[in-house]
There are 2 protein chains.
Amino acid sequence: MSYVSGVSAIPSTVFKALADPTRRSIFERLCRDGEQTVWMLTRHARISQPAVSKHLAALRSAGLVRARCEGRETHYRAEPHGLSPLIDWIGLYAAFWGERLDRLEALLQGMDK
Amino acid sequence: MSYVSGVSAIPSTVFKALADPTRRSIFERLCRDGEQTVWMLTRHARISQPAVSKHLAALRSAGLVRARCEGRETHYRAEPHGLSPLIDWIGLYAAFWGERLDRLEALLQGMDK
DNA sequence: CAAACACATATCCGGACAGTTATGGTTTAT
DNA sequence: ATAAACCATAACTGTCCGGATATGTGTTTG
């Protein structure tokens, strides 16, 4: 049996989408500052607008982002369920060692509120 | 300010290491079946031994794997603290939406072992 | 000591990917 | 109606990356 068989393809797109620093930064900004138009995101990036659009398309394809068209401008926002495959994967394979409860409980501690 | 500034470079190597399906499969196998030699891993892969070595080097560089030399063979095992940057990052940015407690509490539920 | 083994590294190759400029389509403003 | 703004897509380019084969280093075996 090959390695690749048995690997759900769902987290692959999420991992690949978050592997790029620029793309991750855009996602982080959408998390922090909420909904943003494309040119708002482009303003703060050092890359061209088409590059931002391509990154947004990748994030959208991975389910990490949702688009809302309003007239001639498109608003993007972070998708709540986008990180679920990632969280599931971590829960699946982080469970094999002992630090699991410590780290995740600490994670919950810091997330009160 | 550019996006990339303010992004810790630590999770980047982890994300990139786990973005490749073959590499993720090797990591998963090390989690499931414990310590493995290179040729054991190569036996179950459809790629050559040098390819496996390169993947292991990438995982090792990301802190996801540790090598233990023993004579002419090298044993690899999953590194407990390897996923910490990933968990920290998720805790940081998953906290911006409401599903955080639900999903992570469910994660802890399924990990009672 | 010579041969086989286990692994790493070097080099090369083809495809994927992030970036650019150019262009089209749609909506708002003049 | 024309122009400008906002965004997406197309086409192209340079770079990175995963794969292979070939080779080197160290270790065990005959």
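If you're wondering where the values come from, they're calculated on a predicted model, not measured in any experiment. In what follows, chains are A, B, ... by sequence order, proteins preceding strands, each numbered from 1.
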Provide the closest heavy-atom pair for A:A19 versus B:F15 in the form atom of the first, atom of the second, distance.
CA-CB, 3.8 Å
Within the modelled atom types, does a donor on one side and an acceptor on the other bring the side chain of A:Q49 and the base of D:dA8 under 3.5 Å apart?
yes
Would you classify A:T74 as touching base, sugar-phosphate or nothing, given that sugar-phosphate means primed atoms plus P, OP1 and OP2, and contacts are heavy atoms under 4.0 Å?
sugar-phosphate
Measure the shortest side-chain to side-chain distance between A:E28 and B:W89 over non-hydrogen atoms and say whether it is less than 4.5 angstrom.
yes
Nearest of D:dA20, C:dC7, D:dC7 to any side-chain atom of B:A51?
D:dA20
Integer-rounded Å distance: C:dC7 C1' and B:R43 CZ:
17 Å
I want to check one thing: is the phosphate of D:dG19, taken as OP1 and OP2, less than 4.0 Å away from some side-chain N or O of B:T22?
yes
Rounded distance (Å) that lies between atom P of C:dC7 and atom CD1 of B:I26:
13 Å
Choosing from D:dA5, C:dC5, D:dC7, which nucleotide comes nearest the side chain of A:R72?
D:dA5
Considering just the side-chain nitrogens and oxygens of B:Y76, establish if one lies under 4.0 Å of OP1 or OP2 belonging to C:dA8.
yes
Atom pair distance, as rounded to whole Å: CG in A:D20 and P in C:dA16
18 Å
Length of the line joining B:L59:CG and D:dG18:P, which is rounded to integer Å
10 Å
Return yes if some donor-acceptor pair links the side-chain N/O of B:R23 with the main-chain N/O of B:A17 below 3.5 Å, else return no.
yes
Just checking B:R60: base, sugar-phosphate only, or nothing, at a heavy-atom cut-off of under 4.0 Å?
nothing
Contact under 4.0 Å: A:S53 side-chain N or O vs D:dA8 OP1/OP2:
yes
Can you figure out which of C:dC7, D:dT29, D:dA22 approaches the side chain of B:P50 most closely?
D:dA22
Would you please confirm or rule out a distance under 4.0 Å between OP1 or OP2 of C:dA18 and any side-chain N or O of A:R23?
yes
Between C1' of C:dA4 and CH2 of B:W39, the distance in whole Å:
15 Å
Whole angstroms only, please: what is the CD-C1' distance between A:Q36 and D:dC6?
15 Å
Are the side chain of B:R24 and the backbone N or O of B:L18 linked by a donor-acceptor pair below 3.5 Å?
yes
Interatomic distance, A:E70 CD vs D:dC6 P [rounded to whole Å]
14 Å
Counting just side-chain N and O atoms, does B:H55 come under 4.0 Å of either OP1 or OP2 of D:dG19?
yes
Between C1' on C:dC13 and NZ on B:K54, what's the gap in Å once rounded to a whole number?
11 Å
From C:dA6, C:dT28, C:dT21, nucleotide with atom closest to A:S48 side chain
C:dT21
Under a 4.5 Å cut-off applied to non-hydrogen side-chain atoms, are B:T37 and B:H75 in contact?
yes
For B:S61 and B:A57, indicate whether the former's side chain and the latter's backbone hold a donor-acceptor pair under 3.5 Å.
no
Closest to side chain of A:I47, choosing from D:dT9, C:dA6, C:dG19
C:dG19
